[in-house]
Amino acid sequence: MNKTIHAITRLLLAVSAGVLAMMMTLTAADVIMRYVFRRPIAGAFELSEYMMAIIVPLSIAYCAEQKGHVSVDLFFKKFPKFIQKSLDIFISILTLVFTLMVTWENILYVGETYHDHIASSVLLIPVYPFIIPISVGIGFFALVLVRHLLFPNEEGDTK
């Protein structure tokens, strides 16, 4: 299970990194076109927004797998180990419930935006394909949380 989750999160991270590279290229090209040729790329800002909808959720599962999320442990480390472990489990379960709800609502939202033919304002790009990565990314984040809950001492193949 660990190797499969690790492989999937690495794949999602690679897709996210590829989209980030495309977004940086688009932004640089837009700046060059705007200031050198006085002809900005139409819809560049809109495309960047859509690319962000892919980059962020697809990289969240990898961040969770690496336990790289920000945490404030100013008081947490002063509690006894038993309370620390109990709070960690409680927070993980609460986060899991939240991520499952977000995943489900995004799946429903894909259907709504598809059936309502919602599109971007400048390039008229359909919105629904850009909601799918949100569902996938948050869904795999939930899967990583389940793995951490079931196997708390296993770090997985994170190297």
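What you see is a predicted model; the values in this text were computed from it and never measured. Positions are given from 1, in the same order as the sequence printed here.
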> Any ion pair linking Arg147 and Glu65 (charged N to carboxylate O, less than 4.0 Å)?
Replying inline: yes
>> Side-chain heavy atoms nearer than 4.5 Å, only ILVMFWY residues, links allowed to pass through others: does that put Phe45 and Tyr35 together?
In response: no
> Is there a donor-acceptor pair closer than 3.5 Å between any side-chain N or O of Ser120 and the backbone N or O of Ile125?
Replying inline: yes
> Taking atom CG of Asn106 and atom CD1 of Ile132, what is their separation to the nearest 0.5 Å?
Replying inline: 10.5 Å
> What's the spacing between Glu49 CD and Met23 CE if we round to 0.5 Å?
Replying inline: 11.0 Å
>> Just so I know, are the side chains of Met24 and Thr27 near enough to count as touching, which here means a heavy-atom distance under 4.5 Å?
In response: no
> If every non-hydrogen atom of Met51 is compared with every non-hydrogen atom of Leu26, which pair is closest and at what distance?
Replying inline: CE-CD2, 4.1 Å
>> Going by ring pair (Phe, Tyr, Trp, His ring centres under 6.0 Å), name the residues that satisfy it together with Phe140, two or more places apart in sequence or in a different chain.
In response: none
> Is there any ring-ring contact (aromatic ring centres under 6.0 Å, His included) pair reaching into residues 115-136, and which pairs are they, with sequence neighbours excluded?
Replying inline: Tyr50-Phe130, Tyr114-Tyr128
> At what distance, to the nearest 0.5 angstrom, does CG of Leu12 lie from CD1 of Ile54?
Replying inline: 12.0 Å
Expected list for residues 90-98: side-chain donor-acceptor pairs under 3.5 angstrom, two or more places apart:
from, atom 1, to, atom 2, distance (Å)
Ser92, OG, Asp88, O, 2.9
Thr95, OG1, Ile91, O, 2.7

> Do Glu46 side-chain atoms and Ser121 backbone N/O form a donor-acceptor pair below 3.5 Å?
Replying inline: yes
> About how many Å separate CG of Leu143 and NE2 of His148, when rounded to the nearest 0.5 Å?
Replying inline: 10.0 Å
